[in-house]
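Before any comments, here is the structure.
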Amino acid sequence: GDEKLDCFDSSCETAPISSQHEKQRFPKEPLHTDDAYHGGLMRSMALRVLSNALSLLWKNQPDTLVKVLKSSKSLTSRDFIQSLSEDLIGGTRLPAVVSGTRLASAHETTLATRSLKILADASPAVQQLVANPKSEEHPTLDLLSKNYETVRHDTLETESQSAYSALSRDIRTC
C-alpha cells in the first residue's frame, strides 16, 4: 500500500517518484521548471557553503586550509577564481533584476568577496591571480573598489573594503 514518509513539519507532502510508488518529500511551494531559477538557487547555496567552510577553516584551522589549498588545483585555479571574481559584478544589481536568473545579487557578491579574500590570504597563487603586483590591470580589485564605494548593502561594503585593502597591499599606485 501507500506509505507516507514522516515529515517534520507541515511544509511537505508525499508524491510517487517511480513505478514502485516510492515516496519522496516535496515542498508545497510552487515548483519552478526554469533552469535559470534552479541554477541561480544552486549557485547561491554553493557560494554559501564555500564561504562558510572557508571562514570556519581560516578562523579555526588556518594551517589545514593552507595545506588543502596547496594540494587543490580546483580551488586555486584561474577559472575558479575568475568565476568568483565575475560574481563581484552583482554588487550593484537590484534584487528584482536577479530574481529567477543565474546572476549574482549583492548577497552572492558578499559571499564571493569573502571567499576571494580568504583564498588570497591563504594561497599565494590566488593572491597572484587576483592582485599581481607586476600586472598593470586589476579587474578584481577594480570591482571590489566599485562595490565598497557604490553599493547600498552594508555587509557587502564592509567585506569589499576589507578585501580591497588586504588584496591591494602589494600593488603600487602611481
Side-chain angles (χ1 to χ4, degrees), residues 32-151 153 155-173:
H32 296 273
T33 57
D34 184 29
D35 285 344
Y37 172 82
H38 292 292
L41 184 62
M42 294 303 294
R43 195 178 117 289
S44 179
M45 288 180 188
L47 272 171
R48 188 175 309 148
V49 169
L50 175 69
S51 177
N52 287 341
L54 290 172
S55 295
L56 286 171
L57 278 172
W58 190 238
K59 181 180 177 183
N60 298 315
Q61 298 176 340
D63 294 339
T64 301
L65 179 59
V66 169
K67 288 177 189 174
V68 167
L69 294 178
K70 280 183 182 178
S71 66
S72 170
K73 299 297 180 204
S74 59
L75 289 174
T76 59
S77 72
R78 178 178 298 281
D79 289 341
F80 184 71
I81 299 305
Q82 182 175 344
S83 178
L84 283 174
S85 294
E86 288 171 358
D87 282 338
L88 301 181
I89 296 169
T92 57
R93 288 191 185 117
L94 298 172
V97 172
V98 198
S99 181
T101 71
R102 291 183 181 169
L103 298 173
S105 69
H107 183 72
E108 284 89 18
T109 301
T110 302
L111 297 171
T113 300
R114 185 177 299 146
S115 297
L116 278 169
K117 181 182 181 299
I118 293 169
L119 288 169
D121 284 346
S123 169
V126 174
Q127 174 71 32
Q128 285 293 310
L129 288 172
V130 173
N132 185 343
K134 295 179 182 178
S135 176
E136 292 183 20
E137 295 182 4
H138 302 97
T140 301
L141 293 178
D142 294 342
L143 287 169
L144 288 170
S145 175
K146 179 181 178 183
N147 282 343
Y148 82 76
E149 292 172 355
T150 62
V151 297
H153 187 281
T155 306
L156 175 55
E157 181 182 351
T158 302
E159 291 285 342
S160 295
Q161 191 164 19
S162 172
Y164 180 83
S165 296
L167 296 173
S168 65
R169 66 181 169 257
D170 295 329
I171 304 298
R172 293 183 185 162
T173 56

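Residue numbers start at 1 and run along the sequence shown.
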Candidate pair H138 and L144, rule side-chain contact (heavy atoms from CB on, under 4.5 Å), full reasoning | CA-CA 10 Å; H138 302 97; L144 288 170; over 6 Å; no
Please assess Y164 against S168 for the test side-chain contact (heavy atoms from CB on, under 4.5 Å), listing each intermediate value before the final yes or no.
-> CA-CA 6 Å; Y164 180 83; S168 65; 3.7 Å; yes
Could you pull out the closest heavy-atom pair between [X] and [Y], with the gap in Å?
{"X": "A112", "Y": "D87", "result": "CB-CB, 3.7 Å"}
{"X": "A122", "Y": "L65", "result": "CB-CD2, 4.0 Å"}
{"X": "A163", "Y": "K117", "result": "CA-CD, 3.8 Å"}

Which value, rounded to the nearest 0.5 Å, describes the distance between [X] atom [atom1] and [Y] atom [atom2]?
{"X": "L129", "Y": "L167", "atom1": "CG", "atom2": "CG", "value": "11.5 Å"}
{"X": "S160", "Y": "R114", "atom1": "OG", "atom2": "CZ", "value": "10.5 Å"}
{"X": "L143", "Y": "S85", "atom1": "CG", "atom2": "OG", "value": "7.5 Å"}

Any donor-acceptor pair under 3.5 Å linking the side chain of [X] with the backbone of [Y]?
{"X": "S71", "Y": "V68", "value": "yes"}
{"X": "T113", "Y": "T109", "value": "yes"}
{"X": "S115", "Y": "L111", "value": "yes"}

Crowding at CZ, R169 (>12 non-hydrogen neighbours, <6.0 Å) |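 Counting other residues, nucleotides and ligands, CZ of R169 exceeds 12 neighbours.
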What residues form a side chain to side chain contact (heavy atoms under 4.5 Å, CB included) with Q82, not counting sequence neighbours?
->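 Testing Q82 for side chain to side chain contact (heavy atoms under 4.5 Å, CB included), a comparison that skips the adjacent residues, returns E86.
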Residues that N132 engages under side chain to side chain contact (heavy atoms under 4.5 Å, CB included), provided they are two or more places apart =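 N132: side chain to side chain contact (heavy atoms under 4.5 Å, CB included) contacts with Q128, K134, S135.
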Only one of T64, V66, L119 forms a side-chain contact (heavy atoms from CB on, under 4.5 Å) with W58, so which one is it?
->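 Considering T64, V66, L119, a side-chain contact (heavy atoms from CB on, under 4.5 Å) with W58 is found only for V66.
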Would I81 and T76 satisfy side-chain contact (heavy atoms from CB on, under 4.5 Å), going step by step from the backbone distance to the final call?
-> CA-CA 7 Å; I81 299 305; T76 59; 5.8 Å; no
Check ion pair K146-D142 (N to O, under 4.0 angstrom) |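 Salt bridge flag = no for D142 with K146.
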What side-chain donor-acceptor pairs closer than 3.5 Å can you find for residues 44-57, not counting sequence neighbours?
unit_1 : atom_1 : unit_2 : atom_2 : d
S44    : OG     : E108   : OE2    : 2.8
N52    : ND2    : R48    : O      : 3.3
S55    : OG     : S51    : O      : 2.8

